[in-house]
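None of these values were measured; they are calculated from a predicted model. Per chain, numbering begins at 1; letters A, B, ... match sequence-line order.
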There are 2 protein chains.
Amino acid sequence: MQRYTQQRNAILNALVAAARPMSPQEVLVAAREATPSLGIATVYRNLKLLVGDSLVHAVELPGEPPRYEVADLGHHHHFKCTACDRVFDVGECVADLKRLLPAGFTLERHDITLYGRCRDCGAGARPRPRR
Amino acid sequence: MQRYTQQRNAILNALVAAARPMSPQEVLVAAREATPSLGIATVYRNLKLLVGDSLVHAVELPGEPPRYEVADLGHHHHFKCTACDRVFDVGECVADLKRLLPAGFTLERHDITLYGRCRDCGAGARPRPRR
DNA sequence: TTGTATGCAAAGCGTTTGCAGTGAT
DNA sequence: ATCACTGCAAACGCTTTGCATACAA
């Protein structure tokens with residue numbers, strides 16, 4: 001990271017404010033509040049830069065393009081609401097994944113993604129509009 | 001599924017023979033052994049059809065396009081070797097995922113992806129070439 | 001004979017890159 | 001004054017779709 005720019009600052013601020021993983025499009029919309037001329041290419045370039053500097057972390061969910069969140073959140077996993085498509089962080093993690101492995105395999109890391117209804121969309125509630 | 005075709009049969013056979021999740025490109029290459037004129041569009045169309053008929057299951061790993069495997073394998077998860085990039089099925093699954101959820105959230109399903117070294121690539125072994 | 005399925009090529013879609021101009025240092 | 005950064009538009013890679021032809025029924 002070499003220079004401070006309005007755009008980069010707006011992108012990082014958007015991620016901090018959202019406090020959940022955002023898609024590049026979501027970042028674009030949010031950061032344009034501060035920098036209306038912002039282009040999508042700049043969002044992608046800065047997300048990559050910020051990930052490279054470990055200020056931002058890429059959240060890869062199965063079957064969809066990566067989202068991004070601030071990096072200082074420690075080990076956690078993600079919950080995707082099947083009604084509104086928003087993604088939330090979930091804390092602590094199950095232990096004992098090693099025992100799933102066949103003999104001779106070694107475990108380096110793992111991803112867990114949970115799917116269901118979030119508080120807003122649960123049970124009889126009228127779901128929020130998707131994402 | 002309405003008609004039997006050589007192409008569809010070749011695609012399904014390739015998946016059965018591989019016994020692990022394959023990318024559409026891998027399916028194309030394998031199925032062309034039986035049907036050399038096969039086109040990639042037909043692979044995609046048939047994978048979608050076969051998934052619709054629950055004969056094939058889409059395996060979505062974080063950060064990469066879906067792979068496909070035969071559907072009659074029951075509940076399991078996946079292990080991706082960080083050296084050779086092959087994906088393996090792993091059996092039984094951890095319980096107790098519900099306790100990860102914040103209050104008010106309900107759990108419908110989950111994905112677990114493990115990463116590490118497979119038997120062939122483990123420890124001091126010279127890794128296989130990447131997929 | 002009928003109409004689903006196929007192969008090709010063009011179109012989509014999200015992401016990346018080339019380039020000339022902008023602006024932080 | 002530099003040169004990293006930006007915005008635009010073109011390029012990319014993977015997947016989907018339109019269309020005329022082929023072939024299972």
Side-chain angles (χ1 to χ4, degrees), chain A residues 1-15 18 21-69 80 85-87 130-131, chain B residues 1-15 21-69 80 85 87 130-131:
Chain A
M1 193 117 333
Q2 313 214 344
R3 289 182 187 178
Y4 168 95
T5 65
Q6 288 236 321
Q7 290 87 341
R8 184 172 302 152
N9 190 52
I11 287 167
L12 192 47
N13 280 347
L15 290 170
M22 301 174 88
S23 70
Q25 273 304 324
E26 289 178 305
V27 172
L28 178 67
V29 171
R32 272 185 169 165
E33 310 252 322
T35 311
S37 70
L38 181 65
I40 187 66
T42 298
V43 172
Y44 280 103
R45 276 189 285 236
N46 275 292
L47 288 174
K48 192 177 281 191
L49 269 174
L50 290 164
V51 168
D53 279 24
S54 297
L55 294 174
V56 166
H57 182 244
V59 176
E60 315 252 8
L61 297 197
E64 49 183 289
R67 303 177 189 223
Y68 298 85
E69 68 183 351
K80 181 173 179 182
D85 285 348
R86 289 182 302 170
V87 174
R130 276 184 197 273
R131 174 121 41 110
Chain B
M1 193 116 337
Q2 314 215 344
R3 288 182 189 180
Y4 168 95
T5 65
Q6 288 236 322
Q7 291 87 340
R8 184 172 300 153
N9 190 52
I11 287 166
L12 191 47
N13 281 347
L15 291 170
M22 303 174 87
S23 69
Q25 272 304 322
E26 289 179 305
V27 172
L28 177 67
V29 171
R32 272 186 170 164
E33 310 252 322
T35 310
S37 70
L38 181 64
I40 186 66
T42 299
V43 173
Y44 279 104
R45 275 188 286 234
N46 275 293
L47 288 174
K48 193 177 282 190
L49 268 174
L50 291 164
V51 168
D53 279 23
S54 298
L55 294 174
V56 167
H57 182 244
V59 175
E60 315 251 9
L61 297 196
E64 49 184 287
R67 304 178 189 221
Y68 298 84
E69 67 182 354
K80 182 174 182 182
D85 285 348
V87 174
R130 278 184 198 274
R131 156 79 49 122

Problem - Phosphate OP1/OP2 of C:dG7: any B:Gln7 side-chain N/O under 4.0 Å - result: yes
Exercise for the section: Say whether, by atom type as modelled, one donor and one acceptor occur between the side chain of A:Arg32 and the main chain of A:Leu38 under 3.5 angstrom. Expected result: yes
Practice task
Record whether the side chain of A:Arg3 comes under 3.5 Å of the base of C:dT25 through a donor-acceptor pair of N or O atoms.
Solution key: no
Completion exercise
Taken to the nearest whole Å, CZ/B:Arg32 to P/C:dG7 is 9 Å
Exercise for the section: Using a 4.5 Å cut-off on heavy atoms from C-beta on, say whether the side chain of B:Lys80 contacts that of B:Leu61. Expected result: yes
Problem - Distance-only donor-acceptor test (3.5 Å): side chain A:Arg8, base D:dC5 - result: no
Exercise for the section: Could you check which of C:dG18, C:dT16, C:dT6 has an atom nearest any side-chain atom of A:Arg45? Expected result: C:dG18
Handout entry: Selected nucleotide, minimal atom distance to B:Lys48 side chain, candidates D:dG7, D:dT17, C:dT6
Key = D:dT17
Exercise for the section: Please report, rounded to the nearest Å, how far the P atom of C:dT6 is from the CG atom of B:Leu47. Expected result: 11 Å
Fill in the blank from the handout: When B:Thr5 and B:Ala41 are each assigned the nearest nucleotide of DNA chain D, the 5'-most assignment goes to B:Ala41
Practice task
Would you classify A:Leu38 as touching base, sugar-phosphate or nothing, given that sugar-phosphate means primed atoms plus P, OP1 and OP2, and contacts are heavy atoms under 4.0 Å?
Solution key: sugar-phosphate
Handout entry: Spacing between A:Tyr4 atom OH and D:dC3 atom C1', to the nearest angstrom
Key = 19 Å
Practice task
Measure from CD on A:Gln6 to P on C:dT25 and round the result to the nearest Å.
Solution key: 11 Å
Handout entry: Rounded distance (Å) that lies between atom P of D:dC14 and atom CZ of B:Arg67
Key = 13 Å
Problem - Side-chain donor/acceptor of B:Glu26 to backbone N/O of B:Ser23, under 3.5 Å - result: yes
Problem - Gap between atoms CG and P, on A:Leu28 and D:dT6 respectively (whole Å) - result: 13 Å
Problem - Value in whole Å for how far the C1' atom of C:dT17 lies from CD1 of A:Ile40 - result: 14 Å
Handout entry: Nucleotide C:dT17, atom P - distance to CG of A:Leu49 in whole Å
Key = 12 Å
Completion exercise
Quick note, A:Pro65 side chain, CB onward, closest among C:dG14, C:dG3, C:dA5 is C:dG14
Exercise for the section: Using the side-chain contact (heavy atoms from CB on, under 4.5 Å) rule, pick out the option among A:Val43, A:Thr5, A:Leu28 that qualifies with A:Ile11. Expected result: A:Val43
Handout entry: CZ on A:Arg8 to OG1 on A:Thr35, rounded to 0.5 Å
Key = 12.0 Å
